[in-house]
S.K.: 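My structure is below; once you've seen it, I'll send some questions.
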Amino acid sequence: MENRPSLEFEKGYAIIINDFKNNLYYYLDYDTRQSFHMRFQHIHTSFYEMLIPLDSGISHIFNGIPYPLEKYDIVLVPPGISHQVLYPEGAPPLRRLVINFMYPESLFGLKDGFEELFEIFQIQPSILRLTPSHQNICFQLLNSIYNISKRASEMPYAVYELLLQAKFTEFLFTLYQAKDENLYVYKKEASAITQKIYEICSYIHSNYSKSLSLDGLAKNFFISPYYLSRQFKQTTGFNLTEYIQNTRIINAQFLLSTTEHTVSDIATSCGFTSFSQFNRVFHQKSNCSPTEYRRSHARSILL
């Protein structure tokens, strides 16, 4: 039987490179998490994210649909995608490794090559379950990065940064090689109504700019409004109106942070019927006005 390595883990340990002068950013976060009450999905503006669960029981939501994960699956989240990690209710903290990274627009002068590697973030669903051989290589590379970080003080910082960059690029390449042998298979919920609620959530994420209502969604998905309302709350933890508003607001936040579109245009493109309604809901969800949010987030790295 092939010997499969485990990932190095130290609770609360982080590897951080903040070379903002060159738009180079790495954050490897080794820690534990447990369920958060009523937390909604979010969108990253400028960096890529990976999640690797080191314990069983974790799921990941993409655009309203939860995907169950096994230990050592690799979740790949590009900028601009609504997502959320789900930890089981009542369970003790579970171990996970989260990797955030951002590269300069020039992609080190190797734009074509890196853009090809980044195709791994476009697979659907965006989860890799590696074969034993690919997992061996990937974990050896991640453990090498971990061990290099422990020796960072022994070398010039520029050399440390280069070594980490080289190992991480090799890690990306190994994931790229593994994508055509992906073992992950999405299994639908056994409950037909739960699966339908997830499909409605996905529809909301794809159509938040349009008019959405309880009656309209009930008609489109062949379910009574009352039953939809009750099951939606039971399945997602949010009532339907709140879910729609949350979806619109996180997309408005993304546009405020990444574009120069006017606030009025963003309100319209996110499905709000009036500017006053947008301002009221945005302030309620974000604790600030859209203009204040843009001012404080337009140049931020983390959202």
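All residue numbers in this chain count up from 1 along the given sequence.
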S.K.: In a check of ring pair (Phe, Tyr, Trp, His ring centres under 6.0 Å) between F101 and each of Y25, F171, F168, Y27, which one passes?
M.R.: F168

S.K.: Under the rule for side-chain contact (heavy atoms from CB on, under 4.5 Å), what residues qualify as partners of Y157, not counting sequence neighbours?
M.R.: I17, Y160, E161

S.K.: Given F114, which partner from the list Y103, F173, Y48 fulfils the ring pair (Phe, Tyr, Trp, His ring centres under 6.0 Å) test?
M.R.: Y103

S.K.: Using side chain to side chain donor-acceptor pair (under 3.5 Å) as the criterion, list what pairs up with H134, not counting sequence neighbours.
M.R.: T131

S.K.: More than 12 heavy atoms of other residues, nucleotides or ligands under 6.0 Å from CD of E260: yes or no?
M.R.: no

S.K.: Which residues pass the side-chain contact (heavy atoms from CB on, under 4.5 Å) test with H261, sequence neighbours left out?
M.R.: T259, I266

S.K.: Are K188 and Y198 in a cation-pi contact, defined as NZ or CZ under 6.0 Å from the six-membered ring centre and within 45° of the axis?
M.R.: no

S.K.: Check this for me: K285, atom NZ, are more than 12 non-hydrogen atoms of other residues, nucleotides or ligands nearer than 6.0 Å?
M.R.: yes

S.K.: With sequence neighbours left out, write down each residue that passes side-chain contact (heavy atoms from CB on, under 4.5 Å) with A91, or none if nothing qualifies.
M.R.: P88

S.K.: Partners of S229 by side-chain contact (heavy atoms from CB on, under 4.5 Å), sequence neighbours excluded?
M.R.: L214

S.K.: Run the side chain to side chain donor-acceptor pair (under 3.5 Å) test against S191 and tell me which residues pass, sequence neighbours left out.
M.R.: T194

S.K.: Spell out, as yes or no, whether a donor-acceptor pair under 3.5 Å connects the side chain of N143 to the backbone of L7.
M.R.: no

S.K.: Give the ring-plane orientation class for H42 versus H44, where under 30° counts as parallel, over 60° as perpendicular and anything between as tilted.
M.R.: perpendicular

S.K.: Please confirm whether R33 makes a cation-pi placement over Y87, using NZ or CZ under 6.0 Å from the six-membered ring centre and within 45° of the ring normal.
M.R.: no

